[in-house]
**Q** 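Got a structure for you, written out below as structure tokens; questions coming shortly.
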Protein chains: 2
Amino acid sequence: MEEISEKQLSILKVAERLFADQGFHGTSVRDIAQEADVNIAMISYYFGSKDKLLESIVKYRMKASQKFIQDLLVDDTMKPLDKIYAMIDRFINKMMGEQNFQCIMSREQLNSEKSPVRDLIWELKREMLGLMQPIVTDAQEAGIFHKDIDVVMLMTSLFGTIHQIIPAQKLLRNDPEFSDLDEATFKENLKQRLSIHLKKLFKAILTHEF
Amino acid sequence: MEEISEKQLSILKVAERLFADQGFHGTSVRDIAQEADVNIAMISYYFGSKDKLLESIVKYRMKASQKFIQDLLVDDTMKPLDKIYAMIDRFINKMMGEQNFQCIMSREQLNSEKSPVRDLIWELKREMLGLMQPIVTDAQEAGIFHKDIDVVMLMTSLFGTIHQIIPAQKLLRNDPEFSDLDEATFKENLKQRLSIHLKKLFKAILTHEF
DNA sequence: AGCAAAGTTAAACAAACGTTTAATTTAAAC
DNA sequence: GTTTAAATTAAACGTTTGTTTAACTTTGCT
């Protein structure tokens, strides 16, 4: 991976925001150049093409995501459920902290044509699943978790719920219930609510009888 | 609402599929015209513009969705949890039966710019919530459901899980576990799995103590 | 048959697109 | 100070975009 200068990074950030707001095809390189305050030609000069620019964004965020995943399970002294609670919280923080990127992921995973970006997304999801599965299996064998658990569906609900909350934010923001809160506390509020909800959800499915 | 001829409908269907697969901006009117086997000018002639075409798709599906919602709660003899179970199953069937449209919804709700389409989507979600809320509240007062329930989050998980499963299908399809199944039974299999998972999830959160 | 409206077509439209060019400026190295 | 490479620019490139035009065909009605 090549070095990324400060100027390249600012282009990446602007492009990420615009791709998230208007979609890849809905954003022109001229839009990006203008908002990033650089000449149009610089985008091809630095990244090769508009497609490569998107790839660069994904690779940039993905590199951090994979490090995130690796660091997710260092503490082996925790009880299985606490491990998962910790994962959920760190997950919420991660995804809510890079909402623009998550928007791009949401959009890109819908594309039918096979793209390098889509493949990277699913590689990441598989890694997450590979991390969660052994925790569940171990706890099942220890008799702590319920026998009959669909881990794939559980992870789908985790991803899906957070991915749904991101666009819903703009709408909830208009509710009188939150209108007097400032942006930061509103966001923190929502993260708290997400955390409580998802932990309940996981605990119920993992440990309760039905 | 105007009448829709068979030719117009075939354009709508083709456009729906292409918008779902490649996104709105990723699909050209020439693509649509070619696949629908009509002249390019017919799209403007019938629908006015590309934007209006998308609106027509959304309005067409939305009309059915609102009728769907109205018919959702006729049987008042059921117990609250059974009502919700019935809702979940009908929901899964509805959404998995119009996956292309759901893809469009997923994409469109991410747009930052205020669009008539995005507003329609949220109107629909609010209606769903308005339908679920009284069932929960009534059952809470009757002591059947737990006191502390975040209905918004619960609905978010419902929508989110299904919306996540739709793009995941293409990936799961490649798993050796399902490779020998034909398309229809695979889909039915997945719907079954979704149903079991979501019912567990709802039952746990609605009725269990924590 | 004759006429008006609706349907259909190929061609053309200007605008916007992503990308490239060639010239110029800046920076670094010797 | 000269040289060499990198950075930056305005302009132009050829496509593709959504939409419109104007001519033509079909349809339905009296």
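As a basis for the values below, the full set of heavy atoms in this structure was taken, side chains included, without hydrogen atoms, waters or symmetry mates.
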**Q** Whole Å only: how far is the CD atom of B/Gln8 from the C1' atom of C/dA6?
**A** 12 Å
**Q** State plainly whether the residues B/Asp150 and A/Lys200 are in salt-bridge range, i.e. N to O under 4.0 Å.
**A** no
**Q** Would you say the rings of A/Phe91 and A/Phe159 are close, in the sense that their centroids are separated by under 6.0 Å?
**A** yes
**Q** Would you call A/Lys187 and A/Glu183 a salt bridge, using N to O less than 4.0 angstrom?
**A** no
**Q** Which nucleotide span of DNA chain D, 5' end to 3' end, has atoms closer than 4.0 Å to non-hydrogen atoms of chain A?
**A** D/dA6 to D/dA12
**Q** Hey, could you give me the CD1/CG distance between B/Ile88 and B/Leu198, rounded to the nearest 0.5 Å?
**A** 6.0 Å
**Q** Using atom CG of A/Asn39 as one end and atom P of C/dT25 as the other, report the distance to the nearest whole Å.
**A** 15 Å
**Q** Out of A/Lys199, A/Lys83, A/Lys94, which one pairs with A/Asp89 under the salt bridge (charged side-chain N to carboxylate O under 4.0 Å, His left out) rule?
**A** A/Lys199
**Q** Using the rule side-chain hydrogen bond (donor to acceptor under 3.5 Å, both in side chains), only one of B/Gln99, B/Glu35, B/Gln22 pairs with B/Arg17; which is it?
**A** B/Glu35
**Q** Quiz question: by atom type and distance under 3.5 Å, do the side chains of B/Asn189 and B/Gln192 form a donor-acceptor pair?
**A** no
**Q** First locate atom CD of A/Glu16, then atom OG of A/Ser56, and finally report the distance between them rounded to the nearest 0.5 Å.
**A** 12.0 Å
**Q** Quick check on contacts: within residues 40-55 of chain A, what sits under 4.0 Å from DNA chain C by heavy-atom distance?
**A** A/Ile40, A/Ala41, A/Ser44, A/Ser49, A/Lys50
